[in-house]
Amino acid sequence: METGAIPDGDLTGGFDAYLTIESGQTYRWTRSDGRLYAADPSADAWYELAIDGEVIRVRPTGDGLEWRSTTDADPIIRRALRLDDDLERIVDAAPDDPLIQAAYEAHRGLRLVRDPPFDTLISFICSAQMRVERINTMVSTLAREYGTAIEFDGRTHHDFPTPDQLATATESDLRDLGLGYRAPYVVDTARMVADGEAHPADAAELPYEEAREYLTRFVGVGEKVADCVLLFSLGFDEAVPLDTWIRKAIAATYPECDRGSYAETSRAIRDRFGGEYAGYVQTYVFHALRTGTLSV
DNA sequence: CGCCAGGCCTTAC
DNA sequence: GTAAGGCATGGC
């Protein structure tokens, strides 16, 4: 076992593990107390991630983070939780707007995540018309049933399935696991990636709007899910997924941004949210509205 | 019971 | 290109 720590001084602008991991961006982490999304997280619980054949356990301390892992987890944690982002600068750059400022103020330390592209693609295909708690259940089920088991510290963890592993599933299998009408989407998309027809990581090379179009070739991926993959996996910080909560905010607070089509409305709200880091703003506003911290 | 959840697909115009 | 209807499932 390797262990280490990331001092508070490295986390410019702060870091809140609960807000970052339990705000509906990532479905790859579990919590050692089994109470993910509980309103009162126990302070001494570990967040746990199985990725690329390794297991990482992380928890906040009074001075930053401590971790235990099968490997040197420092670079993996920094990348996955974007700990090297200058969050202070990002917050300072946010537009002077009441809703945006209130959302940032309410959730200090919330960072964007960076998950593997295939994992994110499948996770957000599952997200259609589904609450975040149940998305997490679906993704955990896929990992348990199709992902590689890894033993660490006396417990079994499951990596997210590779395209090849997930492509062995049938629509019927996934319906039996509770995925509903998303089952054929997941199977077809996994096969597309496994067969080498396309890979979500390839979108990273394209300009933002072309990248979004590229991702819609996968079955079950429309513009909204594509935006989530771009934002939570591929580093397109300007992406603003237009989900039900952001659409409520547009209708109530930014009606002039409703331009009818997804593409045009997306451009308008992206500009209103400050452009370069509009996706950061979106994630704060989404979380504030979804949890009822703020309302519009 | 009805409504909703980080929507997408097919079909029709 | 846009609009309408169908689609699984579980919580409230």
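Since the structure is predicted, the reported quantities are computational estimates derived from the model, not experimental observations. Heavy atoms only: backbone and side chains are in, while hydrogens, waters and symmetry mates are out. By convention in this document, chain letters (A, B, ...) are assigned in the order of the sequence lines, proteins followed by strands, and residues within each chain are numbered from 1.
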B:dA5 phosphate, OP1 or OP2, under 4.0 Å from A:Lys248 side-chain N/O: yes

No-hydrogen, no-angle side-chain donor-acceptor test under 3.5 Å, A:Tyr146 and A:Asp164: no

Sugar-phosphate only, base, or nothing, as touched by A:Phe232 at under 4.0 Å among non-hydrogen atoms: base

Touch class at under 4.0 angstrom, heavy-atom based, for A:Gly24 against every strand present: base

Atom CG of A:Asp92: over 12 foreign heavy atoms under 6.0 Å: yes

Partner of A:Arg270 under salt bridge (Lys or Arg N to Asp or Glu O under 4.0 Å), chosen from A:Glu276, A:Glu209, A:Glu238: A:Glu209

Distances for protein N or O near nucleotides 11-13 of chain B N or O, under 3.5 Å:
none

Shared hydrophobic cluster, A:Leu206 / A:Leu231 (ILVMFWY, side-chain heavy atoms < 4.5 Å): yes

Pairs touching residues 17-52 of chain A that satisfy ring pair (Phe, Tyr, Trp, His ring centres under 6.0 Å), sequence neighbours left out: A:Tyr27-A:Phe124

Protein-nucleotide distance (A:Glu223, atom CD; C:dT2, atom C1'), rounded to Å: 12 Å

Rounded distance (nearest 0.5 Å) linking atom CD of A:Gln165 with atom CD of A:Glu145: 12.5 Å

A:Arg28 side chain reached by A:Val113 side chain, heavy atoms, under 4.5 Å: no

pair A:Leu174-A:Leu142: side-chain heavy atoms closer than 4.5 Å: yes

Annotated protein contacts, base or backbone, on nucleotides 7-12 of chain C with a non-hydrogen cut-off under 4.0 Å, one of B, S, - each: BBBB--

